[in-house]
Amino acid sequence: MKKNSFYLIVGCIALALLAIFWYFVEVSVEVHRPFIIEAAFIVAIVIIYFVRKRVTDINEDERSAKITEQAAVRTFQVFWVIFCAFSIGAVMQILYVPTFPREHFEFHTQELLGPKMMGYFQLGLLCLMFFLYVAFRIYYARKYGDWETDEE
Amino acid sequence: MPGNTETGKPMKNKIKVFRAMHDLTQEDLAQAIGVTRQTILAIEKGKYVPSLDLAFKISRHFQVNIEEVFVYDEAVLTVTVD
């Protein structure tokens with residue numbers, strides 16, 4: 001399979017996912033089944049994974065593998081620090097740990113980090129990780145000479 | 001030829017010289033050893049230090065020992081450390 005065909009399929013899957021999300025959001029809210037959207041997302045990722053394995057004209061060698069690896073590691077490092085910091089805050093709220101100093105205890109952090117906000121925060125974090133990964137990829141691609149020009 | 005200044009490893013190589021001797025372009029060499037042209041360019045410029053496997057492939061392609069193509073210049077390391 002050609003690379004362009006792969007991107008076309010990914011685009012179609014993304015559109016299908018969007019349509020599923022759009023259609024089922026109402027249904028999911030009514031019958032409380034976010035499961036449909038979650039399942040659709042997992043199925044889409046699995047399909048993309050198997051389609052990706054059939055692409056033949058992607059030139060990958062050890063340097064590009066290293067760029068991917070380095071970018072992924074750095075993104076993960078940032079991810080776990082932010083996610084841990086957020087999780088500690090969330091656990092403190094669940095356990096009703098008072099803030100310091102005590103007089104600010106009535107500050108409405110409960111609304112600030114309620115379940116709904118947690119969901120939004122996680123989505124935001126995932127988006128941040130995506131952009132961070134792209135940025136790290138560009139950085140390491142530059143570092144390992146991706147845009148070097150030669151006299152040849 | 002540049003060493004790998006970013007990692008502090010004084011790895012130099014003579015790929016460009018060997019290519020000229022064998023009248024090969026970067027693309028020819030890249031195809032022969034199964035990497036991209038950009039990788040050959042990055043190695044030549046000292047931006048990327050190849051794995052042992054790739055280093056052997058390159059030297060085998062030129063039918064020479066690995067030490068003839070890749071030079072580990074400890075003098076550069078001493079200068080870098082100092």
Side-chain angles (χ1 to χ4, degrees), chain A residues 1-11 48-81 128-152, chain B residues 1-62 66 69-73 76 80:
Chain A
M1 181 190 289
K2 296 280 178 194
K3 204 161 53 177
N4 288 345
S5 310
F6 169 70
Y7 291 137
L8 207 64
I9 291 171
V10 170
I48 289 172
Y49 174 77
F50 282 109
V51 172
R52 171 75 172 73
K53 283 176 83 172
R54 294 173 67 93
V55 180
T56 51
D57 64 339
I58 287 182
N59 289 328
E60 275 193 337
D61 56 12
E62 60 171 52
R63 192 181 56 90
S64 57
K66 185 165 180 133
I67 291 168
T68 306
E69 184 190 310
Q70 293 268 35
V73 167
R74 286 278 178 261
T75 307
F76 183 71
Q77 283 173 339
V78 176
F79 176 80
W80 86 259
V81 170
L128 173 73
M129 290 307 115
F130 177 76
F131 286 113
L132 210 59
Y133 175 75
V134 172
F136 276 129
R137 244 198 102 81
I138 292 169
Y139 171 76
Y140 283 108
R142 268 181 73 93
K143 184 178 175 182
Y144 293 123
D146 233 19
W147 292 294
E148 289 288 322
T149 51
D150 200 39
E151 64 273 14
E152 188 175 80
Chain B
M1 273 164 285
N4 192 333
T5 51
E6 287 182 347
T7 53
K9 291 171 189 165
M11 189 69 79
K12 294 178 175 181
N13 68 76
K14 297 174 186 165
I15 295 176
K16 204 167 187 172
V17 176
F18 277 97
R19 273 198 308 110
M21 283 162 61
H22 288 78
D23 197 22
L24 285 172
T25 63
Q26 288 173 341
E27 187 69 49
D28 295 336
L29 180 61
Q31 279 184 357
I33 58 175
V35 294
T36 59
R37 188 188 78 87
Q38 211 61 34
T39 297
I40 299 296
L41 176 59
I43 296 170
E44 280 184 4
K45 291 207 161 193
K47 288 266 180 180
Y48 175 68
V49 177
S51 67
L52 206 52
D53 183 58
L54 182 55
F56 268 109
K57 276 184 187 169
I58 293 169
S59 54
R60 291 275 157 83
H61 186 77
F62 293 129
I66 195 166
V69 184
F70 296 94
V71 182
Y72 188 77
D73 193 351
V76 174
T80 309

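Only a predicted model underlies this, so the values are computations on that prediction, with no experimental measurement involved. Within every chain, numbering begins at 1; the chains are lettered A, B, ... in the order of the sequence lines, protein sequences first and strands thereafter.
Atoms OG1 and CG, on B/Thr36 and A/Asp146 in that order, are 7.5 Å from each other to the nearest 0.5 Å. Interatomic distance, A/Arg63 CZ to B/Leu41 CG, rounded to the nearest 0.5 Å: 8.5 Å.
For B/Lys47 against A/Tyr144, the heavy-atom pair with the smallest separation is O-CD2, 3.5 Å.
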